[in-house]
Amino acid sequence: MGKIVAIDLFSGAGGTTSGLKKSGIDVQVAVEIDSVAVKTYKLNNPEVSVIDKDINLVSGDEVKEHLKVDTDDKLMLVACPPCQGFSTIGTNDENDERNQLVFQFLRLINELNPDFLLMENVAGMTRTRNEKIFKKFLTSIDNNYSVIYNILNTADYGVPQSRKRLVLHGIRKEIIDNTNLTLNLPSKTHSNIPELNLLPWINAGVIMDLPPIEGGEEYIGEGIYNHVANKLSNLNIERITHIRNNGGSRTSLPKSLELNCHKNRSGHSDVYGILDINKPSITITGGCMSYSKGRFGHPTQNRALSAREAARLQSFDDDYIFVGNRGQLAKQIGNAVPVKLAQASGNYFMSVYREIANGQSDN
């Protein structure tokens with residue numbers, strides 16, 4: 001029996017690749033421009049050929065040079081185009097060149113003619129101001145692909161994090177026509193609604209068995225990597241201590257500890273907050289190791305999250321090692337597709353592949 005062979009565009013540090021590999025998909029090629037993310041990717045996925053350059057300069061023919069695809073195999077093209085332009089804090093400018101990277105995905109779809117498509121992006125990609133770009137992309141593939149997409153919550157797939165993401169699955173129309181397949185998104189495995197009889201959501205408490213460390217310190221010990229945290233100023237230690245003892249939000253701060261920029265403002269209330277370990281974490285971002293960038297204060301220690309804690313909240317295995325300085329670690333982890341979300345899509349496509357293979361063997 002053959003297999004699914006995948007190409008991971010905009011692979012970053014390898015969250016998508018890691019999830020797809022867990023589902024049994026053979027990831028053979030990755031494309032990534034960030035040199036530090038490439039080092040992390042290669043360290044953890046040495047068997048994958050990495051094309052480390054601007055995707056605008058990568059042709060379908062160059063990708064094919066790295067592929068080993070047999071006649072029974074199905075080709076899958078995966079993309080998580082950088083999403084800053086689509087995010088709620090982005091410019092939402094349809095001319096933002098980062099937004100245009102979705103059309104590089106489109107170009108490579110046309111050049112490689114894959115059987116399956118998987119795209120993950122921020123929920124904001126479907127908002128009114130960005131809809132034009134997304135709809136143009138959908139229209140451009142409509143002749144050849146059946147597509148389904150929706151906004152999913154990563155917590156519903158076993159990620160200890162509440163993170164809304166657009167997930168798109170596509171299958172070549174001729175495959176659908178020949179097999180009577182029903183196109184679906186991944187089935188939820190977890191829920192906070194007991195009546196659904198799914199596994200309960202996984203809470204942020206998954207970080208609590210890691211050894212305690214001080215801000216600015218890195219734990220060096222057997223089997224624990226990247227457990228390093230940024231140092232906090234004395235003033236921020238005062239703030240975190242007060243907030244932890246008074247409900248977990250910066251709204252509890254007395255005037256003497258308030259930041260000038262927060263006075264008389266109610267926005268970004270998660271900033272300087274404490275992570276609640278009794279529910280999935282808030283969205284892990286590139287600022288996940290900075291106390292001032294979100295509800296990233298440690299529940300019991302006077303510091304923000306360590307890189308390893310953030311990686312756990314993104315459902316990376318503990319033996320997945322990230323390369324770089326603290327800022328680079330946070331960026332790679334925050335920008336990654338949560339591993340278990342990618343694995344859920346991988347599991348769906350593997351079930352589709354088995355259905356196709358069984359249908360062919362029945363004929």
**Student:** Side-chain heavy atoms under 4.5 angstrom apart, residues restricted to Ile, Leu, Val, Met, Phe, Trp, Tyr: same cluster for Met208 and Ile224?
**Tutor:** no

**Student:** Ignoring hydrogens and geometry, is there a side-chain-to-backbone donor-acceptor pair from Gln28 to Val5 under 3.5 Å?
**Tutor:** no

**Student:** Compare all side-chain heavy atoms of Leu75 with those of Phe116 and state whether any distance is below 4.5 angstrom.
**Tutor:**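 No, side chains not in contact.
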
**Student:** Is there a side-chain contact between Tyr41 and Asp52 (heavy atoms, below 4.5 Å)?
**Tutor:** no

**Student:** Does the gap between the ring centers of Phe10 and Phe105 come in under 6.0 Å?
**Tutor:** no

**Student:** Do Val167 and Asn150 have side-chain heavy atoms sitting under 4.5 Å apart?
**Tutor:** no

**Student:** Between Arg165 and Asn153, is any side-chain donor less than 3.5 angstrom from a side-chain acceptor?
**Tutor:** no

**Student:** Between Lys22 and Asp317, is there a side-chain N and carboxylate O pair less than 4.0 Å apart?
**Tutor:**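 Yes, this pair counts.
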
**Student:** What pairs with Tyr145 under ring-ring contact (aromatic ring centres under 6.0 Å, His included), at least two apart in sequence or on another chain?
**Tutor:** none

**Student:** Going by distance alone, is a donor N or O of one side chain under 3.5 Å from an acceptor N or O of the other, for Thr17 and Asp8?
**Tutor:** yes

**Student:** Let me confirm one number: the OH-OG distance from Tyr157 to Ser191, rounded to the nearest 0.5 Å.
**Tutor:** 10.5 Å

**Student:** Quick one: does any side-chain atom of Asp73 pair with a main-chain N or O of Lys3 as donor and acceptor, under 3.5 Å?
**Tutor:**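 Side chain of Asp73 to backbone of Lys3, a donor-acceptor pair under 3.5 Å: yes, one is there.
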
**Student:** So does Thr154 get a backbone contact from the side chain of Gln161, meaning a donor-acceptor N/O pair under 3.5 Å?
**Tutor:** no

**Student:** So Ile109 and Phe137, do their side chains get closer than 4.5 Å, heavy atoms only?
**Tutor:**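 Yes, their side chains come closer than 4.5 Å.
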
**Student:** Answer yes or no: is there a donor N or O on one side and an acceptor on the other, between the side chain of Arg303 and the main chain of Ile237, under 3.5 Å?
**Tutor:** no

**Student:** Ignoring hydrogens and geometry, is there a side-chain-to-backbone donor-acceptor pair from Ser351 to Tyr348 under 3.5 Å?
**Tutor:** yes

**Student:** Holding to side-chain contact (heavy atoms from CB on, under 4.5 Å), I want the full list of residues that pass it with Val36, two or more places apart in sequence or in another chain.
**Tutor:** Asp34, Gln328, Gln332

**Student:** Spell out, as yes or no, whether a donor-acceptor pair under 3.5 Å connects the side chain of Glu217 to the backbone of Glu214.
**Tutor:** yes

**Student:** Counting only N and O atoms by type, is there a donor-acceptor contact under 3.5 Å from the side chain of Gln314 to the main-chain atoms of Ala336?
**Tutor:** yes

**Student:** Between Phe349 and His169, does a ring pair (Phe, Tyr, Trp, His ring centres under 6.0 Å) hold up when you go through it step by step?
**Tutor:** CA-CA 9 Å; Phe349 281 107; His169 287 178; 4.7 Å; yes

**Student:** Go through the steps to decide whether Leu118 and Leu20 satisfy the test side-chain contact (heavy atoms from CB on, under 4.5 Å), and finish with yes or no.
**Tutor:** CA-CA 11 Å; Leu118 169 61; Leu20 294 180; 4.2 Å; yes

**Student:** Would you give the length of the straight line joining atom NZ of Lys39 to atom CG of Asn44, rounded to the nearest 0.5 angstrom?
**Tutor:** 14.5 Å

**Student:** With under 30° as parallel and over 60° as perpendicular, where do the rings of Tyr320 and Phe316 fit, or are they tilted in between?
**Tutor:**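 Tyr320 and Phe316: tilted rings.
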
**Student:** Go through the side-chain N and O atoms of Glu47 and Asn45 and say whether any donor and acceptor fall under 3.5 Å apart.
**Tutor:**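 There is no such pair between these side chains.
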
**Student:** Run the numbers on Phe322 and Tyr225 for ring pair (Phe, Tyr, Trp, His ring centres under 6.0 Å), then give the verdict.
**Tutor:** CA-CA 8 Å; Phe322 296 85; Tyr225 309 98; over 10 Å; no

**Student:** Identify whether Leu101 and Val337 are in the same connected component of the hydrophobic contact network (ILVMFWY, side-chain heavy atoms under 4.5 Å).
**Tutor:** no

**Student:** Starting from Leu210, can I reach Leu313 by hopping between I/L/V/M/F/W/Y residues whose side chains sit under 4.5 Å apart?
**Tutor:** no

**Student:** For Ile141 and Leu117, work out which heavy atoms get closest and say how close.
**Tutor:** CD1-CD1, 4.0 Å

**Student:** Taking the side chain as everything from C-beta on, heavy atoms only, tell me whether Leu198 gets closer than 4.5 Å to Lys188.
**Tutor:**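 Yes - at least one pair of side-chain heavy atoms lies under 4.5 Å apart.
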
**Student:** Do you know the tightest heavy-atom contact between Cys288 and Leu305?
**Tutor:** O-CB, 3.6 Å

**Student:** Is it the case that one hydrophobic cluster holds both Leu57 and Ile33, taking links as side-chain heavy atoms less than 4.5 Å apart, direct or via other members?
**Tutor:** no

**Student:** For the residue pair Pro299 and Ile277, what are the closest heavy atoms and their distance?
**Tutor:**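 That would be CG-CG2, 3.3 Å.
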
**Student:** Does any pair with a residue in residues 108-119 pass salt bridge (Lys or Arg N to Asp or Glu O under 4.0 Å), and if so which ones, sequence neighbours excluded?
**Tutor:** Arg107-Glu111

**Student:** Without swapping roles, check the side chain of Asp276 against the backbone of Asn278 for a donor-acceptor pair under 3.5 Å.
**Tutor:** yes

**Student:** Say you draw a straight line from OG of Ser306 to OH of Tyr219; how long is it, rounded to the nearest 0.5 Å?
**Tutor:**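 One gets 12.5 Å once the value is rounded to the nearest 0.5 Å.
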
**Student:** For the pair Asp26 and Lys74, evaluate salt bridge (charged side-chain N to carboxylate O under 4.0 Å, His left out) and give the outcome as yes or no after the intermediate values.
**Tutor:** CA-CA 10 Å; Asp26 180 17; Lys74 294 290 182 211; over 6 Å; no

**Student:** When hydrophobic residues are tied together by side-chain contacts of less than 4.5 Å, even through go-betweens, does Trp201 share a cluster with Ile207?
**Tutor:** no

**Student:** Using the side chain to side chain donor-acceptor pair (under 3.5 Å) definition, which of the options Arg308, Glu309, Arg326 pairs with Asn226?
**Tutor:**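 Option passing the side chain to side chain donor-acceptor pair (under 3.5 Å) with Asn226: Arg308.
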
**Student:** Just checking Lys64: does its NZ atom have more than 12 heavy atoms from other residues, nucleotides or ligands closer to it than 6.0 angstrom?
**Tutor:**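 Yes, NZ of Lys64 has more than 12 neighbouring heavy atoms, counting only those of other groups under 6.0 Å.
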
**Student:** Which heavy atom in Pro280 sits nearest to a heavy atom in Ser162, and how many Å separate them?
**Tutor:** CB-N, 3.7 Å

**Student:** Evaluate the side-chain contact (heavy atoms from CB on, under 4.5 Å) criterion for residues Asn144 and Glu174: first the C-alpha distance (whole Å), next the side-chain angles of each, then the deciding distance (0.1 Å), finally the verdict.
**Tutor:** CA-CA 8 Å; Asn144 297 318; Glu174 63 201 54; over 6 Å; no

**Student:** So, Ser59 side chain and Glu62 main chain: donor-acceptor pair closer than 3.5 Å or not?
**Tutor:** yes

**Student:** How far apart are the C-alpha atoms of Ile25 and Met350, what are their side-chain angles, what is the distance that settles it, and do they pass the side-chain contact (heavy atoms from CB on, under 4.5 Å) test?
**Tutor:** CA-CA 7 Å; Ile25 289 172; Met350 286 296 287; 3.7 Å; yes

**Student:** Decide yes or no for Arg239 and Leu235: does some side-chain heavy atom of the first lie under 4.5 Å from some side-chain heavy atom of the second?
**Tutor:** yes

**Student:** Go through Val50 and Val29 one step at a time and tell me if the side-chain contact (heavy atoms from CB on, under 4.5 Å) criterion holds.
**Tutor:** CA-CA 6 Å; Val50 182; Val29 184; over 6 Å; no

**Student:** How about Arg312 and Asp318: do any of their side-chain heavy atoms sit closer than 4.5 Å?
**Tutor:**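 In contact.
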
**Student:** Nearest 0.5 angstrom please: Ile284 CD1 to Arg295 CZ, how far?
**Tutor:**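 Answer rounded to 0.5 Å: 12.5 Å.
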
**Student:** Heavy atoms only: give me the nearest Asn121-Pro81 pair and the separation to one decimal.
**Tutor:**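 Residues Asn121 and Pro81, closest heavy atoms: ND2-O, 3.2 Å.
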
**Student:** Minimum heavy-atom separation for Gly297 to Ile240, with atom names?
**Tutor:**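 In terms of heavy atoms, the two residues are closest at CA-CD1, 4.0 Å.
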
**Student:** Using modelled atom types only, decide if a donor and an acceptor are shared between the side chain of Lys173 and the backbone of Asp142 within a distance under 3.5 Å.
**Tutor:**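 Yes.
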
**Student:** Would you say Ile321 and Thr40 make side-chain contact, with heavy atoms under 4.5 Å?
**Tutor:**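 The answer is no, as the side chains (C-beta and beyond) never meet within the 4.5 Å cut-off.
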
**Student:** Working to the nearest 0.5 angstrom, can you tell me the gap between Leu108 CG and Gln104 CD?
**Tutor:**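 The CG atom of Leu108 sits 7.0 Å away from the CD atom of Gln104.
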
**Student:** Can you tell me how far the SG atom of Cys80 sits from the CG atom of Leu9, to the nearest 0.5 Å?
**Tutor:** 9.0 Å

